[in-house]
Amino acid sequence: MILGILTLIIHGLAMLCCSEYFFSFYENVLYPIIRTTYDYTLGYLPIPSVYIVFTYLMYLLYSGLKKILKPLTPFSEKIKLTVSGISNFFGWVIFLFYFTWGFNYYQPTIEKQLALPEISFDSADVVNELNHITSLLNQARAKLSTDTSSLKLDINWETLEHSIRIQQEEMISTWGKSVQGRVRVRALSPQGILLRFSTAGIYIPFAFEGHVDPGMNAIQWPFTMAHEMAHGYGYTDEGACNFIGFLTCMRSNEPIIKYSGLMGYWRYLFFDIRSRYPDVAKLTYDNLTKGVQNDLKAIRNDLNRYPDIMPIIRDKIYDSYLKSHGVRSGLKSYNEITMQVLRWKQSKYAFPFTTE
């Protein structure tokens, strides 16, 4: 409980007067120590550490309930134990969340970090971008298979994780930001456990690892893995992680990783255009090759196997959470990737998108 209160005090002071200095210390000193210590010790565990965290929490819950429900324990003592247990639990949650990762919310936006130029663009620019990515998506699919049936992929998880980590670390390093540790992204079981909440992946600070639901179509694995890995390297904004995830995939020389990145970005562009110009979206979809169309159908079919649980409540809670941590657009931040990519293309960090 005391650690939780101290964390909130630090949080309040940082917001009031010295967030830049505090984040600089956290980013350059504290977080690298945390990241490196975990990644080169427990990060080598063959199982996701979230299972260990969950098991330990269940043990604590069992121990607490055992004391509270003990028949001979006086009622006043039961109340005291209950209040103390709840206070300590939330104190630990607040302390661990912020010190293991959450203080990264004080960082500047990805636009400021990269000094992305301000540009003016309209719907025509977005349509042109969609057409360009559609062409690349068709080319990338042709390199994977000439069979128009939906792709059946056999992806080695550890090999994919290693490949994406190399590309992401190299890219972040070119931005002048030091990269510490070796962030892990795990396949979480049972399948569908995240998709039931309309979530393909999640980064859990207490477990120090990103997690991806393997119940989704394997075409989506690389892009989602790259997104969650970006969280592990200290990026908090969902839009920034989509942006980093896409660029990570486009840096790769592996066709399936590029295809996954293009597919992820194309879907954001397509749904944006479809909401405003349905006729343009239909024409764009018709310009996709049969193979890409079948892959999109397979992606949707796999997602439909796990219907959402309480989607409205979930969205309101997460939207409020993001806004309370400085992500002003909340859930809409996921869709900022288009603006970020268009601005990035005019920056010194840009590189050409190809399927080679």
Side-chain angles (χ1 to χ4, degrees), residues 23 27 31 35 97 100-114 116 160-161 163-175 177 179-186 188 194-195 197-205 207-213 216 220-252 257 260-269 271-272 315 318-319 321-344 347 349:
F23 173 67
E27 178 189 37
Y31 190 64
R35 184 79 267 164
F97 174 79
T100 59
W101 184 76
F103 281 126
N104 282 306
Y105 275 106
Y106 285 112
Q107 69 186 290
T109 64
I110 192 70
E111 292 87 350
K112 287 184 178 179
Q113 290 182 46
L114 301 183
L116 297 183
L160 176 64
E161 180 190 34
S163 178
I164 287 178
R165 185 187 300 115
I166 289 175
Q167 294 301 327
Q168 191 161 114
E169 288 183 348
E170 288 181 354
M171 182 177 71
I172 293 174
S173 295
T174 66
W175 295 348
K177 183 172 180 177
V179 180
Q180 304 291 337
R182 53 183 296 277
V183 177
R184 300 301 309 273
V185 180
R186 309 279 199 167
L188 201 59
L194 297 179
L195 294 175
F197 297 94
S198 196
T199 300
I202 186 172
Y203 181 81
I204 302 177
F208 303 95
E209 297 176 345
H211 306 82
V212 170
D213 194 323
M216 65 179 160
Q220 295 182 283
W221 288 3
F223 176 65
T224 308
M225 181 183 285
H227 172 110
E228 299 307 328
M229 191 172 287
H231 280 309
Y233 283 116
Y235 294 92
T236 53
D237 186 275
E238 298 296 346
C241 289
N242 270 342
F243 170 70
I244 294 169
F246 170 58
L247 295 184
T248 299
C249 291
M250 293 309 295
R251 281 176 54 92
S252 175
I257 295 180
S260 179
L262 286 165
M263 180 68 80
Y265 182 39
W266 184 90
R267 293 176 79 218
Y268 279 108
L269 286 165
F271 291 132
D272 180 25
D315 287 352
Y318 194 46
D319 186 64
Y321 160 79
L322 289 173
K323 289 179 179 178
S324 69
H325 284 84
V327 183
R328 294 182 180 179
S329 53
L331 282 174
K332 292 181 180 179
S333 64
Y334 280 93
N335 299 314
E336 292 175 350
I337 184 173
T338 304
M339 174 193 68
Q340 291 162 341
V341 171
L342 290 176
R343 291 177 63 179
W344 169 85
S347 75
Y349 300 108

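The first residue of the sequence shown is numbered 1, and numbering continues consecutively from there. Since we're looking at a predicted model, the values are computed, not measured.
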Quick one: does Glu111's side chain have a donor or acceptor within less than 3.5 Å of a partner on Leu116's backbone?
->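 Side chain of Glu111 to backbone of Leu116, a donor-acceptor pair under 3.5 Å: no, none is there.
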Between Tyr235 and Gln107, does any side-chain donor sit less than 3.5 Å from a side-chain acceptor?
-> no
Side-chain heavy-atom pair [X], [Y] within 4.5 angstrom cut-off:
X      : Y      : result
Glu228 : His211 : no
Phe223 : Ile257 : no
Trp175 : Ile110 : yes
Arg35  : Val183 : yes
Gln168 : Leu247 : no
Gln340 : Asn242 : no
Leu160 : Pro222 : yes

What distance do [X] atom [atom1] and [Y] atom [atom2] have between them, rounded to the nearest 0.5 Å?
X      : Y      : atom1 : atom2 : result
Ile204 : Phe97  : CD1   : CZ    : 11.5 Å
Asp213 : Thr224 : CG    : OG1   : 9.5 Å
Ile202 : His227 : CD1   : NE2   : 10.0 Å
Arg182 : Ile166 : CZ    : CD1   : 11.0 Å
Gln220 : Met263 : CD    : CE    : 8.5 Å
Gln180 : Glu169 : CD    : CD    : 9.5 Å

Which pair of non-hydrogen atoms, one from [X] and one from [Y], has the smallest distance, and what is that distance?
X      : Y      : result
Ser252 : Ser163 : OG-OG, 4.5 Å
Glu161 : Met229 : O-CE, 3.8 Å
Thr100 : Tyr31  : O-CE1, 3.2 Å
Leu194 : Val212 : CD1-C, 4.3 Å
Tyr265 : Ile337 : CD1-CD1, 3.8 Å

Out of Tyr233, Phe208, Trp101, which one pairs with Tyr203 under the ring pair (Phe, Tyr, Trp, His ring centres under 6.0 Å) rule?
-> Trp101
Can you list the steps and then say if Asp237 with Thr109 is a side-chain contact (heavy atoms from CB on, under 4.5 Å)?
-> CA-CA 8 Å; Asp237 186 275; Thr109 64; over 6 Å; no
Please report the C-alpha distance between Ile244 and Met171 in whole Å, then the side-chain angles of each, then the deciding distance to 0.1 Å, and finally whether the side-chain contact (heavy atoms from CB on, under 4.5 Å) criterion is met.
-> CA-CA 9 Å; Ile244 294 169; Met171 182 177 71; 3.8 Å; yes
